[in-house]
Amino acid sequence: RVISLQKNKVTRVDFINSPSLVELNLASNGIKRMRLQSTTFPNLARLTLSNNRIVEVEAVNHRNLKHLIMSSCLLMRIVRNSGRRFQQVGSPLIGIAGPGVNSLVELDLSDQDLSKLVKLNIGNNSIDAEDNNLEYLTLPLNLECLEELILKNNSLRTMDLKLHILSSIVTLEFSNETVMKEELIEAVTLPNELNTLYELYIFNNKLRSIDLSKLRLHKLGNFTLVHQINHSEENRLERIDLPWDLPELKWLNLADNKLKGVDLSRIKLPKLKFLNLERNRIQSLLMPMQLKLLEELHLHTNRLSVLDLSGN
C-alpha cells in the first residue's frame with residue numbers, strides 16, 4: 001500500500017498493475033518525467049515528487065489522486081485530464097481540469113521556479129458536487145509572467161496572494177457553479193500592485209467583505225462579484241471597499257449580495273458603462289458627480305427611498 005523511495009538515485013519509475021498502492025514517495029531523486037496511468041495505479045491517493053528534476057507530470061484518468069506534492073522541482077507542465085494534452089508553447093503551462101475526472105485535494109507547488117508560467121487553470125476538480133475538491137493550494141511567490149489564474153469549482157476556503165508577484169496578471173477568477181457546495185472561499189487577499197489586471201471575477205463564495213481600497217487597479221475593466229446560487233443568507237457580501245481611482249472600469253456587477261450602503265461618490269469612474277446593484281439591501285447610494293458614459297443602472301429589489309442623480 002505504501003512505497004517510500006526518497007533520497008535515492010531513481011531516474012525512472014516503471015510499475016505494472018499496482019492496484020493496492022495508495023501512497024508513493026519519490027522525493028529527492030533524479031526523476032525528470034512521470035506518467036501515471038489509472039490502470040497501473042488505480043488507487044493511488046498521494047504522490048510526493050519533491051526535490052526531483054521533473055519537467056512534466058502526466059496523470060491520465062486518475063480519479064483517486066488527491067495529494068500531489070511537487071515542491072522544489074523544475075516543473076514545466078502538468079497534464080491531468082481525460083487524455084487531452086495541453087500544448088506547451090514557449091512558456092510553462094499548468095492545466096488541471098476536466099469535469100468527471102479529477103478529485104485533487106492538495107496541490108503543493110511551493111519553491112517552484114514558475115516565474116515564466118503564463119496560465120494556471122485549476123478548475124472542476126470534482127466528479128460531482130459532493131466529491132473531494134482542491135482544498136489546499138501552495139504557490140511560489142514569483143509568478144511574474146502569469147496572465148491567467150482561474151480557480152473554478154474547488155473547495156478552497158482562503159486565497160491569500162498578498163505577497164505574490166503578479167506583475168503580468170490579466171484575469172483572476174475565483175468562482176463556483178455547483179449548487180450544493182459548502183466549502184467556499186471566505187477570504188481573498190490580493191497584492192497591492194495589480195497594474196495589468198483587467199478582469200476580476202468572484203462568483204458564489206462565502207465572502208462577507210473584501211477590501212480593495214489600497215490596490216492599484218488602473219487597468220481593471222470588468223469586476224464581477226455576485227452570489228447567484230441559493231445558499232444560506234450569511235454567505236453574501238456585506239461590505240466592499242474599492243480603490244479611489246478606477247480609470248478603465250467599464251463593468252461593475254455587485255448583484256445578489258447583502259450590501260446596505262454603497263458609496264461611490266469619491267471614486268473616479270470615468271469609463272463606467274454598466275452598474276448592477278440589484279437584489280441587495282441598499283438603503284443609501286452615493287454616486288459620483290459625473291458618469292457620462294453610464295448606459296445601464298440596475299437597482300431593483302433594494303430598500304432605497306431616495307436616489308439622487310442630480311450631478312449626472
Side-chain angles (χ1 to χ4, degrees), residues 1-98 101-123 125 134 136-150 164-165:
R1 292 176 58 85
V2 177
I3 295 179
S4 179
L5 291 169
Q6 72 264 36
K7 295 184 179 180
N8 280 283
K9 296 182 179 181
V10 177
T11 59
R12 179 176 174 178
V13 180
D14 292 315
F15 287 88
I16 300 176
N17 193 16
S18 303
S20 61
L21 189 62
V22 174
E23 181 175 340
L24 178 58
N25 188 342
L26 296 170
S28 302
N29 281 284
I31 301 168
K32 291 184 177 181
R33 284 179 173 80
M34 190 74 187
R35 179 177 173 84
L36 301 172
Q37 289 279 11
S38 60
T39 54
T40 306
F41 304 104
N43 296 305
L44 186 66
R46 185 180 186 90
L47 175 62
T48 303
L49 295 170
S50 302
N51 297 301
N52 275 282
R53 298 177 181 178
I54 290 173
V55 295
E56 179 177 338
V57 173
E58 183 174 355
V60 181
N61 291 331
H62 240 288
R63 296 175 180 271
N64 293 316
L65 185 62
K66 293 180 172 62
H67 303 270
L68 181 56
I69 315 300
M70 298 193 61
S71 58
S72 301
C73 291
L74 300 173
L75 186 66
M76 294 293 285
R77 179 170 62 192
I78 295 177
V79 180
R80 187 174 188 272
N81 60 7
S82 53
R84 181 174 63 85
R85 295 181 63 86
F86 287 84
Q87 296 300 320
Q88 178 183 342
V89 183
S91 298
L93 168 65
I94 296 179
I96 304 178
V101 175
N102 301 328
S103 55
L104 199 66
V105 172
E106 178 182 8
L107 177 61
D108 184 351
L109 299 173
S110 58
D111 298 323
Q112 295 276 5
D113 181 6
L114 298 181
S115 59
K116 303 300 181 184
L117 185 69
V118 173
K119 182 175 181 179
L120 177 55
N121 184 343
I122 304 176
N125 280 307
L134 193 68
Y136 306 101
L137 175 63
T138 308
L139 296 172
L141 294 180
N142 188 356
L143 295 167
E144 60 185 352
C145 291
L146 189 67
E147 296 177 3
E148 295 183 34
L149 176 56
I150 301 171
H164 289 69
I165 300 173

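What you see is a predicted model, and the numbers here were worked out from it, not measured in a lab. These numbers come from the heavy atoms of this one structure, side chains and all, not from hydrogens, waters or symmetry mates.
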### Message
Applying side-chain contact (heavy atoms from CB on, under 4.5 Å), can you list everything that pairs with Ser4, at least two apart in sequence or on another chain?
### Response
Gln6, Asn25
### Task
Could you list the residues that satisfy side-chain contact (heavy atoms from CB on, under 4.5 Å) with Val10, not counting sequence neighbours?
Asn8, Val13, Asn29, Ile31
### Query
Closest approach of Ser18 and Pro42, non-hydrogen atoms and distance?
O-CD, 4.0 Å
### Message
Nearest 0.5 angstrom please: Thr48 OG1 to Glu23 CD, how far?
### Response
6.0 Å
### Query
Can you name the residues that form a side chain to side chain donor-acceptor pair (under 3.5 Å) with Arg12, not counting sequence neighbours?
Asp14
### Query
Under the side-chain contact (heavy atoms from CB on, under 4.5 Å) test, which residues partner Ile3, sequence neighbours left out?
Leu5, Phe15, Leu21, Leu24
